[in-house]
Q: 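After the structure tokens below, expect a handful of questions from me.
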Amino acid sequence: MALVNFFCYSIIPFYVARSGATLLNLSNVTTIIWSMLFDILLFGSPFYPLCLLGFSVELVAIVVFSLREPTKPGQEQKSELETSEIDPLLLKRKP
């Protein structure tokens with residue numbers, strides 16, 4: 001078991017670099033959902049609605065996170081004044 005854990009935790013950085021942390025979290029939650037379904041079907045265990053609630057919360061969080069464009073490292077967010085069509089010299093002038 002320790003060897004399996006070592007192998008999995010050694011692969012995770014490469015998986016995150018290639019696919020991203022969002023996909024890693026989603027695959028972990030999906031695995032929990034599948035194991036819960038097989039546990040119910042094969043062993044007659046009780047249904048836990050909190051697992052489905054957690055899965056849906058994570059899906060909503062992924063959608064909300066995906067709505068914003070990613071920024072590149074070192075790139076600063078510009079304010080509306082900097083991106084507007086107002087002449088930059090007028091912005092620096094004091095009233």
Side-chain angles (χ1 to χ4, degrees):
M1 185 68 180
L3 187 62
V4 171
N5 279 341
F6 176 76
F7 181 71
C8 288
Y9 284 114
S10 297
I11 290 179
I12 283 178
F14 300 107
Y15 184 83
V16 170
R18 180 181 165 101
S19 302
T22 305
L23 190 61
L24 176 69
N25 287 333
L26 188 60
S27 67
N28 285 340
V29 173
T30 306
T31 302
I32 292 170
I33 295 295
W34 280 112
S35 66
M36 181 186 72
L37 290 175
F38 279 107
D39 197 28
I40 291 169
L41 294 174
L42 295 176
F43 304 113
S45 295
F47 174 72
Y48 298 109
L50 284 179
C51 286
L52 291 179
L53 177 69
F55 185 70
S56 60
V57 166
E58 182 149 356
L59 285 178
V60 168
I62 289 171
V63 168
V64 169
F65 180 77
S66 299
L67 291 177
R68 185 171 177 202
E69 288 292 323
T71 58
K72 295 179 182 175
Q75 180 183 6
E76 296 179 13
Q77 293 289 334
K78 294 185 176 182
S79 67
E80 286 185 30
L81 288 176
E82 291 175 329
T83 58
S84 68
E85 295 183 19
I86 300 174
D87 188 13
L89 295 175
L90 292 175
L91 292 175
K92 293 181 182 178
R93 214 171 99 195
K94 292 184 181 179

Q: Between Trp34 and Ile40, is there a shared hydrophobic cluster once you connect ILVMFWY residues whose side-chain heavy atoms come closer than 4.5 Å?
A: yes

Q: Let me check something: do Leu37 and Tyr48 share a hydrophobic cluster, defined by ILVMFWY side-chain heavy atoms less than 4.5 Å apart, either directly or through other members?
A: yes

Q: Would you say Ile33 and Leu59 are hydrophobically clustered, going by side-chain heavy atoms of ILVMFWY under 4.5 Å?
A: yes

Q: So do Leu24 and Asn28 actually touch side chain to side chain, heavy atoms under 4.5 Å?
A: yes

Q: Hydrophobic cluster membership, with links at side-chain heavy-atom distances under 4.5 Å among I/L/V/M/F/W/Y: are Tyr9 and Phe14 in one?
A: no

Q: Looking at Phe47 and Met36, what are the two nearest heavy atoms and their distance?
A: CE1-CE, 3.8 Å

Q: Flag yes if more than 12 heavy atoms outside Tyr15 fall under 6.0 Å of its OH atom; otherwise flag no.
A: yes

